[in-house]
J.: 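One structure, pasted below without further comment.
Numbers restart at 1 for each chain; the letters A, B, ... are given by sequence-line order, proteins then strands. Values below: every heavy atom of this structure, side chains too, minus hydrogens, waters and symmetry copies.
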2 protein chains.
Amino acid sequence: MNNEFKNQEADARGDGYLPGLAIDAVIFGFHDNQLKVLLLAYKNTGLFALPGGFIRDYEDVNEAARRVLLDRTGLTNIFLDQFYVFGDRSRHDAAPLKAIMAARGVMPPENHWLLKRFVSVGYYALVDFTKAIPTPDSISDSCDWYALDDLPVLMQDHQLIIQKALETLRINLDQKLIGFNLLTEDFTMGELQNLYETILNKKLIRAAFQRKMLSLGILERIAKKFTGGAHKAPYVYRFILEK
Amino acid sequence: MNNEFKNQEADARGDGYLPGLAIDAVIFGFHDNQLKVLLLAYKNTGLFALPGGFIRDYEDVNEAARRVLLDRTGLTNIFLDQFYVFGDRSRHDAAPLKAIMAARGVMPPENHWLLKRFVSVGYYALVDFTKAIPTPDSISDSCDWYALDDLPVLMQDHQLIIQKALETLRINLDQKLIGFNLLTEDFTMGELQNLYETILNKKLIRAAFQRKMLSLGILERIAKKFTGGAHKAPYVYRFILEK
DNA sequence: TATTATTGTATCATTATGTTACAATAGTAA
DNA sequence: TTACTATTGTAACATAATGATACAATAATA
């Protein structure tokens, strides 16, 4: 779904879009020691869904995914990767979209392109929670963060898509060094460890974690952070961007 | 491309297929200490291409990929995984397909569905070279193995697709334990090490490799293999399938 | 029976990771 | 100022994983 939905509704053939192909984006954020994802709520239907969209005939598929991310968060230059193509026939279920359209007073013809079978390319993004500005599209009343362990009921197979995105994130967290994308520019070692523990859902050994992170040579020590607590102030680190 | 190409050619609208979506399969085999991939050669055009196909409207996308693999190799129950979606607009180039059709005496209308832009889901498969029976489709004169380091000139972005598949294979070789899929059911430790060295393109330490593999508890020692060489006979191992 | 090439594994060295401990604070309260 | 507390940074040692070398155990052959 995107801001151009009105046009999409009006034109039953879907001119200007790649047919049968969609994008679903699992946009991760980290706040209050919880992993969260951005979800849209649809007017009068009680349905929740991942941000998504379609591909214009002049766009690369990856470009379209960046556009979706920009439209829902206002962010560019964000970590964004494909992780799986959801192409089962059983995904096809016109009912939710009909309900959404009906709630808006639209009765689409049976052969409306949006009611056809879609294959969806799954993307996951890692964003700085404090920088993102959740923005609903034209047919949803809200775009908000939901904790992964307290999700509302989701449309179609969106629950599965989130599950698979999380698995990908867990695997790639250790391989590629992508966790930093979920934090603010500056962070303490404790914050970084909290993030890792939340994503991996297990306790890590503090001394070993710190030693490992520092040994990677990807962290720059910026300054001390005086939190007001009655204890030694932690250092603030910053991820060193490679040139 | 697949055996139903004749039907596909005849029907300019592409009825019965998902529009604009294709599958490209990088089918890896291992022979003569070389990694090889299956390629098709097209009649009278000098063009080489990856095995591929389209998705029937009654098929899951993954199912369609299995069908392609079966049609080109005769194999089922094979390691097969998605690795990337190739969706750049710049991929669109009707020329090769026109050439192929022209070589067959067909002049498609400009709006023929096969000449439109396609997004392709990349799959990679690992097969036992000795078991696969390379089989051309209806419009290619050959289906054969080509060594990765001696590939012919390939259609469109198929070179890039192979490159990306190889990267995926290298990353997953250590994570998941998938190398065995490229060997016969029984193999020696030396053969396994050769496979790893070929894929990773680097020498491995024999003692450490053997110790690591045995410690994983995934190998069953079957018997000795008397090769006729004037030296100690190696053991033959078999991958233990988990239940 | 000696010779040769290769395999399986033991041994030690090096590196990485798990675990414990402790000094160095930054605040609070006496 | 001075104890007291909680947390951080890191040293120190233990354990595990990997790298490197060495050598005994063979299958064939001469």
J.: Please report, rounded to the nearest Å, how far the P atom of C:dT6 is from the CD atom of B:Q193.
T.: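 Between P of C:dT6 and CD of B:Q193: 13 Å.
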
J.: Whole-Å distance between C:dG8 P and B:L219 CG?
T.: 11 Å

J.: Please state how far atom CG in B:N194 lies from atom P in C:dT7, giving the value in whole angstrom units.
T.: 9 Å

J.: Please list all pairs meeting salt bridge (Lys or Arg N to Asp or Glu O under 4.0 Å) that have one or both residues in residues 150-162 of chain A, counting only residues at least two apart or in different chains.
T.: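 Every pair satisfying salt bridge (Lys or Arg N to Asp or Glu O under 4.0 Å) with a residue in residues 150-162 of chain A: A:R91-A:D157.
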
J.: For A:K203 and C:dG18, give me the distance from atom NZ to atom C1', rounded to whole Å.
T.: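 Taking NZ of A:K203 and C1' of C:dG18, I get 16 Å after rounding.
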
J.: In whole Å, I'd like the distance from the CE atom of B:M213 to the P atom of D:dG19.
T.: 12 Å

J.: Take atom OH of A:Y237 and atom P of D:dT8, then tell me their distance rounded to the nearest Å.
T.: 11 Å

J.: Between A:Q210 (CD) and C:dT20 (P), how many Å, whole number?
T.: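 After rounding, the reported distance stands at 18 Å.
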
J.: Reading nucleotides 20-30 of chain D from the 5' end, what letters show protein touch, with B for base, S for backbone sugar-phosphate only, - for no heavy atom under 4.0 Å?
T.: BB---BBBB--

J.: Would you say the ring centers of B:Y146 and B:F48 fall short of 6.0 Å from each other?
T.: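 They qualify: ring centres under 6.0 Å apart.
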
J.: Just jot down the side-chain hydrogen bond (donor to acceptor under 3.5 Å, both in side chains) partners of A:S140, sequence neighbours excluded, or say none.
T.: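 A:S140 satisfies side-chain hydrogen bond (donor to acceptor under 3.5 Å, both in side chains) with A:D137 once adjacent residues are dropped.
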
J.: Filter on ring pair (Phe, Tyr, Trp, His ring centres under 6.0 Å), then keep only pairs touching residues 147-166 of chain B, sequence neighbours left out; what's left?
T.: none

J.: Please identify each residue that fulfils ring-ring contact (aromatic ring centres under 6.0 Å, His included) with A:H92, with sequence neighbours left out.
T.: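 With sequence neighbours excluded, A:H92 shows a ring-ring contact (aromatic ring centres under 6.0 Å, His included) to no residue whatsoever.
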
J.: Can you measure B:F209 atom CZ to D:dT18 atom P for me and round it to whole angstrom units?
T.: 13 Å

J.: Quick one: side-chain hydrogen bond (donor to acceptor under 3.5 Å, both in side chains) partners of B:R66, sequence neighbours excluded?
T.: none

J.: Checking all strands, does B:L214 fall into the base, sugar-phosphate, or nothing category for heavy-atom contacts under 4.0 angstrom?
T.: sugar-phosphate

